[in-house]
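All remarks here apply to the structure that follows.
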Amino acid sequence: MARKTAAAMDGKSSELARAMAEAEAREERLRRELEAALARVAVAEEAEERLCVQLGELEAEAMEQALEYQQHVRALSERLAFMDGVLRSSGALQSGVVAGGMH
């Protein structure tokens, strides 16, 4: 009977040792997967930071271009208004319109 108990204990011990080894292997595999995932997250965060910087630069450039365009349109509008005033004061606009058939 003692032999059966000892054999059962040895079998149980072997089974527990095997289960423990499997659990340790699974834990190590999960640890490696977690480290790989954390490395990917770090790369993604760095990429996000670079993209944010680039986006900020593009927004600043777009704002600068919009202001330049607005100034250009304003200058052209002022020039057009000046030329319109010159033409109206000289009467050229009215005679041109009459000659063109528009009353």
Side-chain angles (χ1 to χ4, degrees):
M1 186 74 143
R3 277 192 174 160
K4 280 187 176 181
T5 304
M9 293 285 274
D10 284 343
K12 201 65 142 157
S13 179
S14 295
E15 186 179 322
L16 287 173
R18 186 172 43 253
M20 188 162 188
E22 289 173 4
E24 287 174 350
R26 186 172 43 252
E27 182 181 350
E28 182 59 31
R29 179 181 49 82
L30 291 173
R31 183 178 289 118
R32 283 192 306 264
E33 288 177 11
L34 177 60
E35 288 172 356
L38 289 173
R40 288 191 302 272
V41 166
V43 168
E45 286 175 344
E46 289 175 20
E48 179 186 19
E49 287 178 21
R50 284 193 305 271
L51 287 173
C52 286
V53 168
Q54 290 175 350
L55 179 59
E57 290 170 353
L58 287 172
E59 287 175 342
E61 185 180 332
M63 189 64 124
E64 185 179 320
Q65 288 177 357
L67 290 173
E68 287 174 5
Y69 179 75
Q70 188 177 32
Q71 289 172 346
H72 184 67
V73 168
R74 191 175 301 122
L76 289 173
S77 295
E78 290 171 2
R79 188 171 167 194
L80 182 61
F82 174 76
M83 294 306 292
D84 183 58
V86 168
L87 291 173
R88 285 186 189 277
S89 67
S90 70
L93 185 61
Q94 286 146 355
S95 61
V97 169
V98 171
M102 299 178 78
H103 302 292

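Going from atom CZ of Arg32 over to atom CG of Leu34 covers 12.0 Å, rounded to the nearest 0.5 Å. Annotation: the span from Met63 atom CE to Gln70 atom CD amounts to 9.5 Å, rounded to 0.5 Å. The distance from the CD atom of Glu61 to the CD atom of Gln54 is 12.0 Å, given to the nearest 0.5 Å. Atoms CZ and CD, from Arg31 and Glu24 in turn, are 10.0 Å apart once rounded to the nearest 0.5 Å. Here the straight-line distance linking atom CG of Leu76 with atom CE of Met83 works out to 12.5 Å at 0.5 Å rounding. The CD atom of Glu28 sits 11.0 Å away from atom CD of Glu33, with the distance rounded to the nearest 0.5 Å.
Around the CZ atom of Arg29, the shell of radius 6.0 Å holds more than 12 heavy atoms that belong to other residues, nucleotides or ligands.
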